[in-house]
2 protein chains.
Amino acid sequence: MQRLPGVGPKTAQRLALHILKRPETEVEALAQALIEAKKQVGLCSVCFHLSSEPVCEICRNVNRDNNTICVVADSRDVIALEKTREFKGKYHVLGGVISPIDGIGPEQLTIQSLVRRVSQQQPQEVILAISPSVEGETTTLYVGQLLKPFTKVTRIAFGLPVGGDLEYADEVTLAKALEGRRELD
Amino acid sequence: MQRLPGVGPKTAQRLALHILKRPETEVEALAQALIEAKKQVGLCSVCFHLSSEPVCEICRNVNRDNNTICVVADSRDVIALEKTREFKGKYHVLGGVISPIDGIGPEQLTIQSLVRRVSQQQPQEVILAISPSVEGETTTLYVGQLLKPFTKVTRIAFGLPVGGDLEYADEVTLAKALEGRRELD
């Protein structure tokens, strides 16, 4: 239990004791559900988002714009972006960010498939929506260079979070917010 | 003591007891320092930043760019922006944001002085660096409309804070980050 993300020794004990208290049938149902989920959920062959079908729901949706591809590091980011209901294009999940320290190079990610997809599909725009960490920045620049020959490449804005206070923003964020200023419309 | 910002009943008691324990001369020195500070620190007659002189150090600095004015709500924001060492222009402190609920209208702020200053000085750019709250947005739009006839008006970027994670960003911030995307250079 302790090997699950966000579960420390205390929570692990609580979970384990709770499961031991439940009737056997219930525990079997949980175990079965875990096995089923693992069996059924794979990756979409187009965008590498989690999917129980060979091609995911977003990629199959004909109402979504094929001309914009939003590149994210992880399936969690697709879910976060879908919640905003602002983005109507398609996605591409890299499966992580370039991080030599953790032994993750470009080959371990779905970058090659992305380049192939973009060169074939010729979308009007590729939006890089990768978290602004050191590894994220490296990945953004690397992927950007590879895609530029084929299409317009943009990246999401960095700056003050909405509802945030100037005074509490760190210096790098403030500097980025100043640098990224836009004309008022 | 409890009326100071960020000081609750417990901290107030601790501060009061500490002061009562100190020698009389030390307490007198503190009291005198407070009175002196209050007497000497006023507002800069140009930008309304805190200053012990009639015109503040930033306004008097000839090495700073007169062609850019950064408009902020509070003196604290000037200090925050100065820490980034990215901005080399002048400031204008509004003294708050428009907030009808708290009885703060445009007249209670230094907006009129700002408009006069901009119309006379004709800077190349005015950057609105006001925190993205509801009141801050109102103030940004109001001030922006007034200044547009005289100069280029920009606003700082909203988006993901640097080092932040896409997954943990709220939906409005994510939507703003998508909307404010820029072409990769």
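Within the 4.5 angstrom heavy-atom criterion, only side-chain atoms of A:Ile127, from C-beta onward, approach chain B. Of the atoms belonging to A:Glu125, it is side-chain heavy atoms, and not backbone ones, that fall under 4.5 Å from chain B. Of the two parts of A:Leu128, only the side chain, counted from C-beta on, holds a non-hydrogen atom closer than 4.5 Å to a non-hydrogen atom of chain B.
The NZ atom of A:Lys176 lies 12.0 Å from the CG atom of B:Leu160; values are rounded to the nearest 0.5 Å. For the atom pair A:Phe158 CZ and B:Arg182 CZ, the distance stands at 10.5 Å (nearest 0.5 Å).
By the 6.0 Å contact criterion, CD on A:Glu107 is enclosed, its count of non-hydrogen atoms from other residues, nucleotides or ligands being greater than 12. Other residues, nucleotides and ligands contribute at most 12 non-hydrogen atoms within 6.0 Å of the CD atom of B:Glu57. In the displayed structure, A:Gln112 atom CD is contacted under 6.0 Å by at most 12 heavy atoms of other residues, nucleotides or ligands. Heavy atoms of other residues, nucleotides or ligands lying less than 6.0 angstrom from CD of A:Glu36 number more than 12.
Checked by atom type and distance alone, the side chain of B:Thr173 pairs as donor or acceptor with a backbone atom of A:Val162 at under 3.5 Å.
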Would B:Leu147 and A:Leu184 count as a side chain to side chain contact (heavy atoms under 4.5 Å, CB included) here? Give the steps.
CA-CA 11 Å; B:Leu147 296 182; A:Leu184 208 71; over 6 Å; no
Where do B:Glu167 and A:Asp77 land on the side chain to side chain contact (heavy atoms under 4.5 Å, CB included) test, with the steps shown first?
CA-CA 6 Å; B:Glu167 196 201 349; A:Asp77 302 329; 4.2 Å; yes
Report the C-alpha distance between B:Leu166 and A:Asp74 in whole Å, list the side-chain angles of each, state the deciding distance to 0.1 Å, and finish with yes or no for side chain to side chain contact (heavy atoms under 4.5 Å, CB included).
CA-CA 10 Å; B:Leu166 222 71; A:Asp74 204 282; over 6 Å; no
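Using a 4.5 Å cut-off between side-chain heavy atoms of Ile, Leu, Val, Met, Phe, Trp and Tyr, with links allowed through other members, A:Ile98 and A:Leu114 fall into the same hydrophobic cluster. A:Val46 is not connected to A:Phe48 by any chain of hydrophobic side-chain contacts under 4.5 Å among Ile, Leu, Val, Met, Phe, Trp and Tyr, and they are in different clusters. Both B:Leu81 and B:Ile156 are part of a single hydrophobic cluster, where members link through side-chain heavy atoms under 4.5 Å apart. B:Leu4 and B:Leu30 end up in the same hydrophobic cluster when Ile, Leu, Val, Met, Phe, Trp and Tyr side chains are linked at under 4.5 Å. Both B:Tyr91 and A:Leu174 belong to a common hydrophobic cluster when Ile, Leu, Val, Met, Phe, Trp and Tyr are linked at side-chain heavy-atom distances under 4.5 angstrom.
Chain A forms more heavy-atom pairs under 4.5 Å with one residue of B:Arg155, B:Lys148, B:Lys83, B:Glu86 than with any other, namely B:Arg155. Your options are A:Ala169, A:Ser133, A:Gly163, and the one with the most heavy-atom pairs under 4.5 Å with chain B is A:Gly163. Comparing B:Glu179, B:Glu137, B:Lys152 by heavy-atom pairs within less than 4.5 Å of chain A, the highest count is held by B:Lys152.
The two residues A:Ala157 and B:Gly180 have their closest heavy-atom pair at CB-O, 3.4 Å. A pairwise comparison of heavy atoms in A:Pro132 and B:Pro161 identifies CG-O, 3.5 Å as the closest pair.
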